[in-house]
Peer 1: 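Before we start, here is the structure in question, set down as structure tokens.
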Amino acid sequence: MTTHQLPKIALLLTGSELMSGDTIDSNSALIAQTLKPLGLTISRKTTLGDHPDALHQEIITLSHDHDILIINGGLGPTNDDLTSEVLARVTGHPLSIHTGAMKHLEQWAERIGIHQLNEANRKQAWLPSDCDIIPNPVGSAVGIQLQHNNCLILATPGVPSELKPMLNQSISPNLAERYALPNMPATRRWRLFGMGESRLQEAINHYLVKFIHEHPASTQM
């Protein structure tokens with residue numbers, strides 16, 4: 001039997017608001033739930049504040065140890081949005097105006113009635129040179145896709161209403177195609193009441209022992 005090697009995935013959440021508790025992290029659950037039907041799971045999750053040196057070191061570490069690194073947050077127009085800048089440092093590809101990102105910004109501005117982009121808006125088009133962009137059908141910040149240390153790095157905005165369509169429309173299909181993922185077994189859920197966890201675990205253990213005894217061939221490697 002051939003074993004299908006699934007990619008090892010890390011998730012890096014950025015934003016001092018996550019560290020202070022001002023913002024509750026719902027994005028990691030959204031990302032994990034989107035990856036699950038593909039048979040993919042997150043092996044490591046890290047949350048860091050808006051500190052460029054710490055982000056720089058963590059991206060280096062995670063990209064060395066994982067096949068995929070998803071970075072969430074830090075792509076906005078403010079000075080504490082540092083993801084593009086740090087990725088440029090990590091990869092050695094300097095920041096430059098990305099024509100696709102600028103076109104996206106101009107279309108976004110026209111759609112919401114902004115007649116002229118300011119410098120804060122334009123900051124979102126300064127991306128590491130030679131990177132690809134991940135379309136954002138809702139907001140102003142495109143995502144970033146690049147390769148470093150043989151790791152696929154995907155940077156996404158921190159706004160949940162922007163992240164969700166990017167996951168569904170771009171990231172999930174990309175990963176399914178890139179890794180030729182196998183068909184995954186279905187998951188069945190039961191909602192139980194009236195029995196404590198310890199009694200339930202004992203019942204499961206009893207069933208497993210019985211199953212292994214009756215079907216020894218199915219448990220052999």
Side-chain angles (χ1 to χ4, degrees), residues 9-32 34-35 42 44-66 68-98 100-102 104-105 108 117-149 151-167 170-171 174:
I9 304 175
L11 174 58
L12 173 58
L13 300 136
T14 76
S16 295
E17 67 278 6
L18 295 172
M19 303 296 287
S20 66
D22 292 335
T23 297
I24 297 174
D25 167 33
S26 60
N27 285 350
S28 58
L30 176 60
I31 292 169
T34 303
L35 296 178
I42 295 168
R44 179 171 177 179
K45 181 176 77 170
T46 305
T47 304
L48 291 176
D50 300 311
H51 305 293
D53 291 340
L55 291 169
H56 179 269
Q57 185 56 53
E58 193 66 21
I59 290 172
I60 291 175
T61 299
L62 294 175
S63 64
H64 269 297
D65 297 339
H66 295 81
I68 302 171
L69 169 58
I70 301 174
I71 303 172
N72 184 243
L75 294 179
T78 61
N79 291 338
D80 61 351
D81 288 312
L82 303 171
T83 297
S84 292
E85 173 188 326
V86 175
L87 281 175
R89 280 179 58 194
V90 169
T91 61
H93 295 295
L95 292 174
S96 61
I97 290 288
H98 192 291
M102 181 56 73
H104 170 84
L105 272 171
W108 167 82
L117 292 170
N118 58 35
E119 287 305 309
N121 293 138
R122 291 176 180 274
K123 174 180 178 291
Q124 296 172 103
W126 285 85
L127 307 179
S129 59
D130 297 329
C131 76
D132 294 319
I133 62 173
I134 305 171
N136 181 347
V138 178
S140 59
V142 296
I144 299 171
Q145 177 175 313
L146 49 80
Q147 200 87 16
H148 184 66
N149 288 334
C151 176
L152 175 65
I153 299 178
L154 306 171
T156 57
V159 182
S161 61
E162 299 178 21
L163 173 63
K164 186 173 184 178
M166 293 174 74
L167 287 169
S170 297
I171 295 173
N174 177 18

Peer 1: Any side-chain heavy atom of Gln145 sitting closer than 4.5 Å to one from Asn174?
Peer 2: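 Touching, per the 4.5 Å side-chain cut-off.
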Peer 1: Roughly how far apart are Glu85 CD and Asn79 CG, rounded to 0.5 Å?
Peer 2: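 Taking CD in Glu85 and CG in Asn79, the distance rounds to 9.5 Å.
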Peer 1: Do Ser16 and Asp80 have side chains that get closer than 4.5 Å, going by heavy atoms?
Peer 2: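 Not in contact.
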Peer 1: Can you list everything that forms a salt bridge (charged side-chain N to carboxylate O under 4.0 Å, His left out) with Asp22? Sequence neighbours excluded, please.
Peer 2: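 Expected list: none.
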Peer 1: Is the closest side-chain heavy-atom distance between His104 and Ile133 below 4.5 Å?
Peer 2: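 Not in contact.
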Peer 1: Would a 4.5 Å heavy-atom cut-off, applied to side chains only, mark Met19 and Leu13 as touching?
Peer 2: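 No. Closest side-chain heavy atoms not under 4.5 Å.
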Peer 1: State plainly whether the residues Glu58 and Arg44 are in salt-bridge range, i.e. N to O under 4.0 Å.
Peer 2: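 The answer is yes: the pair qualifies as a salt bridge.
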Peer 1: Taking side chain to side chain contact (heavy atoms under 4.5 Å, CB included) as the criterion, tell me which of Leu167, Leu35, Leu62, Leu152 meets it with Ile70.
Peer 2: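 The passing option is Leu35.
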Peer 1: Given side chains that start at C-beta, do those of Ser28 and Asn72 come closer than 4.5 Å, heavy atoms only?
Peer 2: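 Ser28 vs Asn72: side chains apart.
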Peer 1: With side chains defined as the heavy atoms from C-beta onward, is the minimum distance between Pro128 and Leu95 less than 4.5 Å?
Peer 2: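 Contact flag for Pro128/Leu95 side chains = yes.
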Peer 1: Please name all residues satisfying salt bridge (charged side-chain N to carboxylate O under 4.0 Å, His left out) with Lys45, sequence neighbours left out, ordered by chain then number.
Peer 2: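 Here the qualifying residues are Asp25.
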Peer 1: So do Lys164 and Thr34 actually touch side chain to side chain, heavy atoms under 4.5 Å?
Peer 2: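 Answer no - side chains too far apart.
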Peer 1: Side-chain contact, heavy-atom cut-off 4.5 Å: Cys151 with His64?
Peer 2: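 No - every pair of side-chain heavy atoms lies 4.5 Å or more apart.
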Peer 1: What residue among Thr46, Thr47, Leu82, Ile71 forms side chain to side chain contact (heavy atoms under 4.5 Å, CB included) with Thr14?
Peer 2: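 Filter result, single survivor: Ile71.
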Peer 1: Checking the side chain of Thr83 only, and the main-chain atoms of Gly73 only, is there a donor and an acceptor separated by less than 3.5 Å?
Peer 2: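 Yes; judged by distance alone, with no hydrogens or angles, the pair exists.
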